[in-house]
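Residue numbers run from 1 in the order of the sequence given. Order of appearance sets the numbers: ligands from 1, and atoms from 1 within every ligand.
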Amino acid sequence: MTAPATPSAASRIAVVTGASSGIGAATARQLAAAGYRVVLTARRKDRIEALAEEIDAAGHSAAAYALDVTDRAAVDEFATAFRTIGVLVNNAGGALGTDPVATGDPQDWRTMYETNVIGTLNLTQALLPALTASGDGTVVVVSSTAGHGTYEGGAGYVAAKHAEHVLAETLRLEIVGQPVRVIEIAPGMVKTEEFSLTRFRGDEERAAKVYEGVAEPLSADDVADTITWAVTRPSHVNVDLLVVRPRAQASNTKVHREL
Ligand SMILES: NC(=O)c1ccc[n+]([C@@H]2O[C@H](COP(=O)([O-])OP(=O)(O)OC[C@H]3O[C@@H](n4cnc5c(N)ncnc54)[C@H](OP(=O)(O)O)[C@@H]3O)[C@@H](O)[C@H]2O)c1
């Protein structure tokens, strides 16, 4: 069995976007435990500061930096802080609404594209020089199974996640030969506190229905575990794409519910 790789001094920093909740927060905790100095970013400063304190108190190392991934000037300013970094986890994102194509709000589509796709593009472009300079960089893109198949009512989110998948695949082709891996993690149903609440604009009943009767949806920790596993493989091992779903979910539209 291959042992997890320990980050070198030049590649010890891991930037995680969307670290204020769910998969991003869990990933920050696990990468910190794996030996990375984690830099937590999200818009809600209080939450990332509290998490950074928690990680420090556990004997690991973390810093918090409030950042909106859609704000390119702010992202460029953020990137000036780093000469080298080892890992960028592009996790910030999410879904808005489940309207059909016929009636979906174009503004929701724009917001999803801006956050999931342009946000990933912004961070990746801004930090690629520092990732390359480390001599052992890794870009992680947290897409979704929505990036690999569609479902009714999902087109705006599905389109954005397909675009994230294309970004990851194309970047891997374009930078081959440089010391940077590009890893895409595509989770299925993950029960996080906020994902469905955001999608249904705070409607708790509709959000809860998403997971109704599903024995064990994935947790944020399950996904963080796959991200950390892929990142800690030896540098020459590039996990191109890892699709992970709960056992109860066979496809985006085929879910076993015990009701
Ligand atoms: N939950 C699922 O079923 C599932 C399945 C597959 C893929 N995913 C993907 O996994 C990622 C994380 O999902 P999650 O379930 O952990 O959702 P979540 O708990 O809602 O987390 C979303 C994170 O993104 C951040 N964010 C949103 N817009 C942002 C912006 N403009 N700038 C910076 N940060 C922003 C949020 O922080 P702030 O609000 O503090 O900025 C939050 O930390 C997303 O890309 C999502 O599409 C989720």
Per atom 25 (C) of ligand 1, closest listed option by heavy atom (Ser196, Gly22, Gly18): Gly18
Residue and atom name of the nearest protein heavy atom (relative to atom 16 (O) of ligand 1), distance in Å to one decimal: Ile23 N, 2.8 Å
Sub-4.0 Å heavy-atom approach of Glu114 to ligand 1: no
Protein contact of atom 34 (N) of ligand 1 - nearest heavy atom, named by residue and atom, plus distance: Ala92 CB, 3.6 Å
Contact check, Ala220 vs ligand 1, heavy-atom distance below 4.0 Å: no
Atoms of ligand 1, numbered as shown, that sit under 4.0 Å from any heavy atom of Tyr157: 7 (C), 8 (N), 9 (C), 46 (C), 47 (O)
Short side-chain donor-acceptor distance under 3.5 Å, Arg37 and Ser61: yes
Glu49 bridged to Lys45 by N-O distance under 4.0 Å: yes
Heavy-atom gap Thr17 to ligand 1 smaller than 4.0 Å: no
Test: Arg199 cationic atom under 6.0 Å from Tyr157 six-membered ring centre, within 45° of axis: yes
Atom 19 (O) of ligand 1 - nearest protein heavy atom and its distance: Ser21 OG, 2.8 Å
Minimum-distance protein heavy atom relative to atom 27 (C) of ligand 1: Arg43 NH2, 3.4 Å
Lys161 N/O to ligand 1 N/O under 3.5 Å: yes
Within-shell test, Ala146 vs ligand 1, heavy atom, strictly < 4.0 Å: no
Residue, atom name and distance, where the atom is the protein heavy atom closest to atom 32 (N) of ligand 1: Val69 N, 3.0 Å
Ser143 and ligand 1 - part of the residue with a heavy-atom distance under 4.0 Å: backbone
Side chain to side chain donor-acceptor pair (under 3.5 Å) between Asn252 and Thr145, worked out: CA-CA 7 Å; Asn252 288 346; Thr145 52; 2.8 Å; yes
Side chain, backbone, both or neither: Thr115 near ligand 1, heavy atoms under 4.0 Å: side chain
Protein contact of atom 45 (O) of ligand 1 - nearest heavy atom, named by residue and atom, plus distance: Asn91 O, 2.8 Å
For Glu194, atoms of ligand 1 separated by under 4.0 Å from a heavy atom: 19 (O), 20 (O)
Donor + acceptor pair across side chains of Asp221, Ser219 (<3.5 Å): no
Side chain, backbone, both or neither: Thr192 near ligand 1, heavy atoms under 4.0 Å: side chain
Identity and distance of the protein heavy atom lying nearest atom 31 (N) of ligand 1: Asp68 OD1, 3.0 Å
Nearest-option assignment for atom 2 (C) of ligand 1, heavy atoms, candidates Val75, Asp71, Val244, Val190: Val190
Ile48 to ligand 1, any heavy atom closer than 4.0 Å: no
Shortest protein contact, atom 17 (O) of ligand 1 (heavy atom only): Phe195 CB, 3.8 Å
Exceeds 12 heavy-atom contacts within 6.0 angstrom, atom CD of Glu216: no
Leu67: numbered ligand 1 atoms lying under 4.0 Å from its heavy atoms: 32 (N), 33 (C)
Atom indices of ligand 1 within 4.0 angstrom of Arg44 heavy atoms, with elements: 37 (O), 38 (P), 39 (O), 40 (O)
Selection from Pro217, Gly188, Ala95, Ser20 by shortest heavy-atom distance to atom 36 (C) of ligand 1: Ser20
Test item: side-chain donor near acceptor, Thr124 and Asn90, under 3.5 Å: yes
Ligand-side contact atoms (ligand 1) for residue partner Pro187, heavy atom cut-off under 4.0 Å: 5 (C), 6 (C), 7 (C)
Any side-chain donor near an acceptor of the partner, Ser143 and Glu184, under 3.5 Å: yes
No-hydrogen, no-angle side-chain donor-acceptor test under 3.5 Å, Asp136 and Ser235: yes
